[in-house]
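Let me begin by presenting the structure, written as structure tokens, before commenting on it.
Each chain gets a letter, A, B and so on, in the order the sequences are listed, and its residues count up from 1.
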Amino acid sequence: MRRYVISIFVLVLMAVGITAALFYVKDTTDRLYTIAASAMQAAKNEEYEETKEYLLQLKEAWKQREAMFTLFVRHDHIDLLTDSLAKLAVYVEHRNFEEVEVQLGTMMYQLKNVWESELPTFTNVF
Amino acid sequence: MSIMVLRTLVLYLLIVFALRFMGKRQIGELQPGELVTTILISNIAALPIEDYKIPMLGAMIPIILLFCLEIIVSYLGSRHTRFRYLATGSPKIIIKDGLVDQKMMDKLRISAGDLLEEMRQKDIYDIRQVQFAIIETSGKISFYKKADYQNAEKGDVLRKVPQSANPPLAVVTAGTIIKNALHCCGKDERWLLEVLKTNGLELKDIYLMTCDSTGQYSIVEAMKR
């Protein structure tokens, strides 16, 4: 009986944890996506200072969330995002706005992909 | 390399804890569902050790989920006979009154060769010695010898060899009547309820009741919770 009750409790805890993790992923990807979208706009307008500021925000936001992310997201997805950020820093430094836009576009797609791949949809399950 | 070592250590401890928590039996005694769970757990545990890109929780959560489900299914199976039969199946009689039930053997896809092999493992070399055989849900076959071939016990000395009879079968478990077993003993529900009434009991009071073909029965009452 005791093990049965503990098992039920663990399952409930698991369900709550998984739901919380999903919300966390959604919140993180949305946040980074919003900053990336703003950075994209600044890059389109070739505004160096503004683009640099958004990049710093992206880095800061990613730094805050990366550790938790690694617990439940595949590390290759995380590596891709980290790579993108590293490349962005170089492109922004060289004021190569075209490459900045491309990289931001890629990063936004990756963020969307991370969220969609965590969703328990029919496609993902099967 | 150090990551591999640490991951292996963590997963090893988790699996040992999980198996300890589940109270597992030996491989040869596992029910089909339990065998699947054990195999799945070992396969899942290997994934993050082989591929560092998979987060540890990607293995730990499925393992914990599997052993929790196993405990829940076992618990429900111990309380509800019908659920247990759904989850693990029910034992099937393949030899009764010394006669092989060939239809049941075909249904279970057991050949005569398989039967003989199981017999030999129990040191039985002549099928004529077998009164009763039942295939358990784990796949093992249990044999009951005819009276003439049973080992003598202290109480048998100076006693006449009784007529061969089928062994007692469980006719009530956890308050549920097992109609097949009851029928096998040549009894019906009316007889069962009368016996219970004679003993001042109701069906819900019964933890286990066994009965043989001669009508001898034994009752184990359910513990008051």
**OP:** Report the C-alpha distance between Tyr52(B) and Asp76(A) in whole Å, list the side-chain angles of each, state the deciding distance to 0.1 Å, and finish with yes or no for side chain to side chain donor-acceptor pair (under 3.5 Å).
**Re:** CA-CA 9 Å; Tyr52(B) 296 167; Asp76(A) 41 6; over 6 Å; no
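For Val5(A), no part lies near chain B; criterion is any non-hydrogen pair under 4.5 Å. Residue Ile6(A) touches chain B through its side chain alone, counting heavy-atom pairs closer than 4.5 Å.
Asp114(B) places a side-chain N or O within 3.5 Å of a backbone atom of Ser111(B) that can act as its donor or acceptor partner.
For chain B, the option among His77(A), Arg74(A), Arg3(A) with the highest count of heavy-atom pairs below 4.5 Å is Arg3(A).
Annotation: cation-pi pair Arg79(B)/Tyr4(A) absent, no NZ/CZ under 6.0 Å from the ring centroid and within 45° of its normal.
A 6.0 Å sphere centred on CG of Asp27(A) holds more than 12 heavy atoms belonging to other residues, nucleotides or ligands.
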